[in-house]
Chemist: 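Dumping the structure here so I can ask a few things about it.
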Amino acid sequence: METTRADVAIIGAGGAGLRAAIALAQADPKLKIALVSKVYPMRSHTCAAEGGAAGVIKADDSLEHHFDDTVGGGDWLSDQDAVDYFIGEAPKELIQLERWGCPWSREANGSVAVRPFGGMKKQRTWFAADKSGFHILHTLFQTSLQFPSIERFDEFYATELLREDGRVAGFTAIEMRSGQMRRFDARAVIICGGGAGRIFPFTTNGAIKTGDGMALAYRAGVPLKDMEFVQYHPTGLPSTGTLLTEACRGEGGVLVNRHGRRFLQDYGMGPETPLGRPVLKTMELGPRDRVSQAFWQEQQKGNMIPTQWGDAMLLDMRHLGEAKINERLPLVRDMSISYMGVDPVTDPVPVRPVVHYMMGGIHTDLKAATPLPGLFAAGECACVSINGANRLGSNSLTELLVFGRRAALSAMEYLQSGARAASESALATGADAARGRLRELLQRTGGKETVAGLRREMMHTMEANAGIYRTHEGLAEACVKLADLRRRYRAIELHDKTNVYNTDLLQALELGSMLDCAEAVAQCALARKESRGAHQRLDFAARDDRNFLRHSLAVFDPGASPRIEYLDVVITKSQPGVRDYSGGHE
Ligand SMILES: Cc1cc2nc3c(=O)[nH]c(=O)nc-3n(C[C@H](O)[C@H](O)[C@H](O)COP(=O)(O)OP(=O)(O)OC[C@H]3O[C@@H](n4cnc5c(N)ncnc54)[C@H](O)[C@@H]3O)c2cc1C
């Protein structure tokens with residue numbers, strides 16, 4: 001088997017992976033860094049981010065405000081030491097991007113422009129029109145090209161972590177072009193594999209967001225944390241699930257029901273504010289969990305507009321005028337016209353909540369270290385946790401930068417502490433076993449199940465039972481179904497048994513990752529008998545700090561459903577309080 005030897009190997013070349021690679025290369029030019037990605041780096045999901053990245057920069061803002069918004073927005077499930085570190089590093093990282101060439105939008109006086117974002121009570125979201133992720137990823141990618149020590153392995157799919165003596169030793173990956181398996185030996189591994197929104201059928205997430213990074217760590221014994229917290233973004237296009245960024249509302253767009261009424265005032269996010277004024281704290285700039293839940297409530301009352309893709313509300317941006325829409329929201333205009341046939345300059349755009357982001361992920365500490373020595377994780381696949389029960393829009397792009405770098409520094413510290421390379425025999429045995437499992441899947445005959453069939457059933461189960469509002473009955477049904485799907489997964493048969501760009505094989509492996517993640521979501525949601533942030537139970541409607549001010553940890557069991565454990569939340573200075581989004585104009 002071909003082998004690549006590196007000091008640090010990174011799985012994932014999106015925002016988090018590239019930031020980690022750059023930090024390693026800068027810290028020590030002699031380090032050998034392998035950057036492995038199942039897609040060309042610029043095709044990572046970070047590229048699709050629209051609205052912007054949060055970091056305190058303006059005189060009327062402060063780190064305390066960013067802390068309070070993040071912790072309150074997360075319904076007090078965030079670890080406050082992690083939030084403190086995050087908000088302090090955030091402006092430095094955004095300025096660093098500027099120096100590497102990121103074209104942040106500007107105020108008329110030349111200073112960096114910021115826009116309001118949901119749940120952020122001050123303006124602190126830096127943006128590059130509504131193509132922020134594209135520009136951030138491009139900036140990181142072109143910067144990474146300066147460093148000869150970063151060796152890229154594009155279109156390599158990581159399949160299993162290798163371990164020796166209770167620490168990570170590397171991983172195996174399939175080279176998609178040849179179908180050959182390659183061994184990556186590394187003293188430290190950083191997973192930056194992105195989210196898992198594709199476990200649901202209606203999502204803003206690109207097709208590659210299948211939770212592979214989470215599953216790699218989970219199967220190697222690292223718990224997944226807070227998986228029940230799945231974020232719905234209120235404004236997806238009903239036809240495709242394509243996102244219309246929160247910046248639409250940050251720039252002044254409003255949401256109305258079928259009666260033309262701005263309904264958020266009825267759900268603790270009022271009072272109604274005048275059109276066209278930049279307004280923080282209230283109405284359309286309520287946090288995503290609350291706005292999505294208000295949609296569901298209005299739908300129950302029959303106040304939504306039926307469309308051929310289900311019920312929708314209307315996002316009205318007409319009062320912003322064509323010039324502002326073209327300057328600040330050009331992509332939103334393009335996408336509304338292309339995917340819905342609606343021009344926001346002349347008509348309101350139908351939108352509905354759509355699965356967007358996983359607050360949960362690989363359990364890491366403040367230093368981005370997992371409990372498995374030598375293994376680190378950062379970005380959407382990780383749960384540090386700064387996002388708690390509900391992420392505020394624009395904190396994620398900054399999180400990639402802050403914790404991508406942090407993971408790199410921690411990996412360096414780990415190497416300097418004398419971490420040894422694993423033995424050849426352990427690596428060879430592990431890699432051969434991984435190749436054997438892959439061959440068995442590829443050559444299997446007589447299997448009764450198909451990838452597409454199981455995937456469809458999984459998505460349907462998640463949508464029906466683990467959506468915006470949940471109940472014991474629905475979640476219990478989902479858990480039974482998902483356990484059954486995992487069992488049936490062992491009987492899938494591939495149509496394509498060839499080696500070159502075998503997408504059938506890759507989709508089968510991705511389905512395996514998704515089933516593991518979906519089961520962790522459903523099991524953690526069933527066990528959490530309270531409502532907090534994005535996890536809302538109709539049968540346990542109140543937040544229960546006495547019993548559930550704790551992180552959930554799902555521990556993998558190959559033959560059974562995961563074991564659920566709990567971990568205390570780190571509270572340093574903000575005691576749990578009431579999340580108040582009513583009143584207060586700025
Ligand atoms: C449409 C959209 C808009 C968004 N807008 C915003 C916004 O405005 N502001 C904000 O803060 N957040 C936003 N988000 C969220 C944010 O963009 C993501 O959370 C973030 O970009 C994830 O970055 P990442 O580096 O963790 O992962 P990604 O960018 O998803 O990259 C994952 C990487 O892992 C690799 N990978 C995965 N599995 C494997 C495997 N098995 N083997 C090898 N490689 C693998 C992939 O190839 C890829 O390179 C948005 C998200 C979406 C979907």
Side-chain angles (χ1 to χ4, degrees), residues 9-20 34-55 90 115 117-118 125-128 130-134 136-137 140-141 152-161 171-176 184 190-198 203-206 208-216 231 233 235-237 241-247 250 288 331 335 354-359 361-362 377-382 387 391-401 403-404 407 506 509-510 512-513:
I10 303 170
I11 301 173
L18 285 168
R19 184 66 189 91
L35 182 59
V36 178
S37 173
K38 67 178 177 177
V39 295
Y40 187 71
M42 279 304 293
R43 296 183 67 88
S44 304
H45 190 76
T46 301
C47 192
E50 300 169 22
R115 61 170 38 133
F117 239 63
T125 299
W126 303 42
F127 58 98
D130 57 0
K131 297 172 186 164
S132 308
F134 170 82
I136 290 175
L137 195 62
L140 290 169
F141 186 42
R152 286 214 330 273
F153 296 86
D154 298 341
E155 302 193 329
F156 277 73
Y157 181 96
T159 60
E160 287 185 33
L161 291 179
F171 53 89
T172 48
I174 305 166
E175 182 184 28
M176 296 181 192
F184 287 85
I190 306 177
I191 302 186
C192 300
R198 283 275 158 175
T203 173
T204 62
N205 285 194
I208 62 168
K209 294 193 74 171
T210 52
D212 298 323
M214 297 182 190
L216 282 168
Q231 177 162 81
H233 193 295
T235 59
L237 292 178
T242 307
L243 177 77
L244 290 196
T245 167
E246 201 162 88
R288 291 176 179 176
L331 183 63
M335 292 193 304
V354 55
V355 169
H356 185 53
Y357 181 86
M358 307 292 291
M359 266 71 76
I362 301 168
E380 190 172 340
C381 71
N387 298 309
R391 173 180 71 98
L392 296 188
S394 75
N395 265 352
S396 172
L397 288 175
T398 315
E399 180 182 358
L400 311 177
L401 303 168
F403 287 99
L506 296 173
L509 296 171
E510 289 175 337
S513 301

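Residue numbers run from 1 in the order of the sequence given. One-based numbering, in listed order, for ligands and for the atoms of each.
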Chemist: Tell me the protein heavy atom at minimum distance from atom 36 (N) of ligand 1, and give that distance in Å.
Modeler: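 For atom 36 (N) of ligand 1, the nearest protein heavy atom comes out as Lys38 CG, 3.9 Å.
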
Chemist: When you measure from the side chain of Ser132 to the backbone N and O of Glu50, does any donor-acceptor pair fall under 3.5 Å?
Modeler: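 Such a contact is found between Ser132 side chain and Glu50 backbone.
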
Chemist: For atom 17 (O) of ligand 1, grab the closest protein heavy atom and report residue, atom and distance to one decimal in Å.
Modeler: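 The closest heavy atom on the protein side is Ala49 CB, 3.6 Å.
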
Chemist: Tell me which part of Arg391 gets within contact of ligand 1: side chain, backbone, both or neither, using heavy atoms under 4.0 Å.
Modeler: side chain

Chemist: Can you find an N or O of Leu216 that's nearer than 3.5 Å to an N or O of ligand 1?
Modeler: no

Chemist: Assess whether salt bridge (Lys or Arg N to Asp or Glu O under 4.0 Å) is satisfied between Glu510 and Arg198, documenting all intermediate values.
Modeler: CA-CA 10 Å; Glu510 289 175 337; Arg198 283 275 158 175; over 6 Å; no

Chemist: For atom 37 (C) of ligand 1, what's the nearest protein heavy atom and its distance?
Modeler: Gly193 O, 3.4 Å

Chemist: Identify which of Ala247, Gly15, Gly12, Cys192 has a heavy atom lying nearest to atom 32 (C) of ligand 1.
Modeler: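 Nearest option to atom 32 (C) of ligand 1, by heavy atoms: Cys192.
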
Chemist: So, is Ala16 polar-close to ligand 1, with some N/O to N/O distance under 3.5 Å?
Modeler: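 Yes - when backbone and side-chain N and O of Ala16 are compared with those of ligand 1, one distance drops under 3.5 Å.
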
Chemist: With heavy atoms only and a cut-off of under 4.0 Å, state how Asp212 meets ligand 1: side chain, backbone, both or neither.
Modeler: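 The part of Asp212 near ligand 1 is the side chain, not the backbone.
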
Chemist: Where on Leu243 is there a heavy atom closer than 4.0 Å to ligand 1, on the side chain, on the backbone, on both, or on neither?
Modeler: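 Only the side chain of Leu243 comes within reach of ligand 1.
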
Chemist: Hey, is Phe127 one of the residues with a heavy atom under 4.0 angstrom from ligand 1?
Modeler: no

Chemist: For ligand 1, which is the ligand I care about here, please tell me if Ile11 has any N or O atom under 3.5 Å from one of the ligand's N or O atoms.
Modeler: no

Chemist: Counting heavy atoms only, which of Glu50, His45, Glu155 comes nearest to atom 2 (C) of ligand 1?
Modeler: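 Looking at heavy atoms only, His45 sits closest to atom 2 (C) of ligand 1.
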
Chemist: Nearest to atom 48 (C) of ligand 1, what protein heavy atom do you find, and at what distance?
Modeler: Ser44 OG, 3.3 Å

Chemist: Considering non-hydrogen atoms of the protein only, which is the closest contact for atom 11 (O) of ligand 1, and what is the distance?
Modeler: Leu397 N, 2.8 Å

Chemist: Could Glu380 and Lys209 be called an ion pair, given the rule that one side-chain N must be under 4.0 Å from one carboxylate O?
Modeler: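 Judged by the 4.0 Å cut-off on N to carboxylate O distance, Glu380 and Lys209 do form a salt bridge.
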
Chemist: Among protein heavy atoms, which lies nearest atom 8 (O) of ligand 1, and at what distance?
Modeler: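 Answer for atom 8 (O) of ligand 1: Gly51 N, 2.8 Å.
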
Chemist: Measure the spacing between OG of Ser396 and CD of Gln231 and express it to the nearest 0.5 Å.
Modeler: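 Taking OG in Ser396 and CD in Gln231, the distance rounds to 9.0 Å.
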
Chemist: Does the N or O separation between Gly213 and ligand 1 drop below 3.5 Å for any pair?
Modeler: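 In fact, backbone or side chain, Gly213 has no N or O that close.
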
Chemist: For ligand 1, is there an atom lying under 4.0 Å from some heavy atom of Ser394?
Modeler: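 Yes; Ser394 lies near enough to ligand 1 that a heavy-atom distance drops under 4.0 Å.
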
Chemist: Return a yes/no value for Tyr157: is any of its N or O atoms, backbone included, closer than 3.5 angstrom to an N or O of ligand 1?
Modeler: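 No; the residue has no nitrogen or oxygen that sits under 3.5 Å from a nitrogen or oxygen of the ligand.
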
Chemist: Please report which non-hydrogen protein atom sits nearest to atom 29 (O) of ligand 1, along with the residue it belongs to and the distance in Å to one decimal place.
Modeler: Thr46 OG1, 2.5 Å

Chemist: Ignoring hydrogens and angles, tell me if any N or O in the side chain of Thr125 forms a donor-acceptor pair with the backbone of Gly52 under 3.5 Å.
Modeler: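 Such a contact is absent between Thr125 side chain and Gly52 backbone.
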
Chemist: Heavy atom of Ala53 under 4.0 Å from ligand 1?
Modeler: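 No; Ala53 lies far enough from ligand 1 that no heavy-atom distance drops under 4.0 Å.
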
Chemist: Using a 3.5 Å cut-off on N or O atoms only, is Lys209 in polar contact with ligand 1?
Modeler: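 No: no nitrogen or oxygen of Lys209 is under 3.5 Å from one in ligand 1.
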
Chemist: Considering both backbone and side-chain atoms of Gly393, is one of its nitrogen or oxygen atoms within less than 3.5 Å of a nitrogen or oxygen in ligand 1?
Modeler: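 No, Gly393 has no N/O under 3.5 Å of an N/O on ligand 1.
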
Chemist: Who gets closest to atom 26 (O) of ligand 1 by heavy atom: Glu380, Met358, Glu399, Met176?
Modeler: Glu380

Chemist: Judged by non-hydrogen atoms, does Glu510 sit under 4.0 Å from ligand 1?
Modeler: no

Chemist: Determine whether Met335 and Leu244 make a side-chain contact, defined as any pair of heavy atoms from C-beta on separated by less than 4.5 Å.
Modeler: yes

Chemist: Out of Ser396, Gly361, Gly197, Ala13, whose heavy atom is nearest to atom 15 (C) of ligand 1?
Modeler: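 Checking each option, the heavy atom nearest atom 15 (C) of ligand 1 is found in Ser396.
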
Chemist: Among Thr210, Ile174, Leu509, Ile11, which residue meets the side-chain contact (heavy atoms from CB on, under 4.5 Å) test with Lys38?
Modeler: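 Looking at Thr210, Ile174, Leu509, Ile11, the match for Lys38 under the side-chain contact (heavy atoms from CB on, under 4.5 Å) is Thr210.
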
Chemist: With a cutoff of 4.0 Å, is Thr245 in contact with ligand 1, counting heavy atoms of the residue only?
Modeler: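 Distance cut 4.0 Å: Thr245 fails for ligand 1.
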
Chemist: Quick one: does ligand 1 sit under 4.0 Å from the side chain of Ala54, the backbone, both or neither, non-hydrogen atoms only?
Modeler: neither

Chemist: Using distance alone, determine whether Thr398 and ligand 1 share an N or O pair under 3.5 Å.
Modeler: no

Chemist: Can you check whether Gly17 has an N/O within less than 3.5 Å of an N/O in ligand 1?
Modeler: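 In fact, backbone or side chain, Gly17 has no N or O that close.
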
Chemist: Using heavy atoms and a threshold below 4.0 Å, how should the contact between Phe156 and ligand 1 be classified: side chain, backbone, both, or neither?
Modeler: backbone

Chemist: Measure Leu509 to ligand 1 on non-hydrogen atoms and call it side chain, backbone, both or neither using the 4.0 Å cut-off.
Modeler: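 For Leu509, there is no contact with ligand 1 at all, from either part.
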
Chemist: Is the shortest heavy-atom distance from the side chain of Leu397 to the side chain of Trp126 under 4.5 Å?
Modeler: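 Result no, sub-4.5 Å side-chain heavy-atom pair not found.
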
Chemist: Under 4.5 Å between any side-chain heavy atoms of Pro41 and Asp154, yes or no?
Modeler: yes

Chemist: Just by distance, do the side chain of Asp130 and the backbone of Leu331 share a donor-acceptor pair under 3.5 Å?
Modeler: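 Side chain of Asp130 to backbone of Leu331: a pair is present.
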
Chemist: For Leu400, is at least one N or O under 3.5 Å away from an N or O on ligand 1?
Modeler: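 For ligand 1, there is no N or O atom that lies under 3.5 Å from one belonging to Leu400.
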
Chemist: Heavy atom to atom 42 (N) of ligand 1, shortest distance: which of Ser37, Ala158, Ala378 holds it?
Modeler: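 It is Ala158 that holds the nearest heavy atom.
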
Chemist: Determine, using heavy atoms of Gly133 and all atoms of ligand 1, whether some pair is separated by less than 4.0 Å.
Modeler: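 False for this residue.
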
Chemist: Report the member of Gly52, Ala215, Ala377 with the shortest heavy-atom distance to atom 9 (N) of ligand 1.
Modeler: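 Heavy atom nearest to atom 9 (N) of ligand 1 belongs to Gly52.
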
Chemist: Do Met42 and Phe134 have side chains that approach each other closer than 4.5 Å (heavy atoms only, starting at C-beta)?
Modeler: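 Side-chain contact under 4.5 Å: yes.
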
Chemist: Could you point out which residue of Val354, Thr242, Thr245, Leu237 forms a side-chain contact (heavy atoms from CB on, under 4.5 Å) with Thr204?
Modeler: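 Passing option: Val354.
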
Chemist: Using a 4.5 Å cut-off on heavy atoms from C-beta on, say whether the side chain of Phe171 contacts that of Leu216.
Modeler: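 A side-chain contact under 4.5 Å is absent here.
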
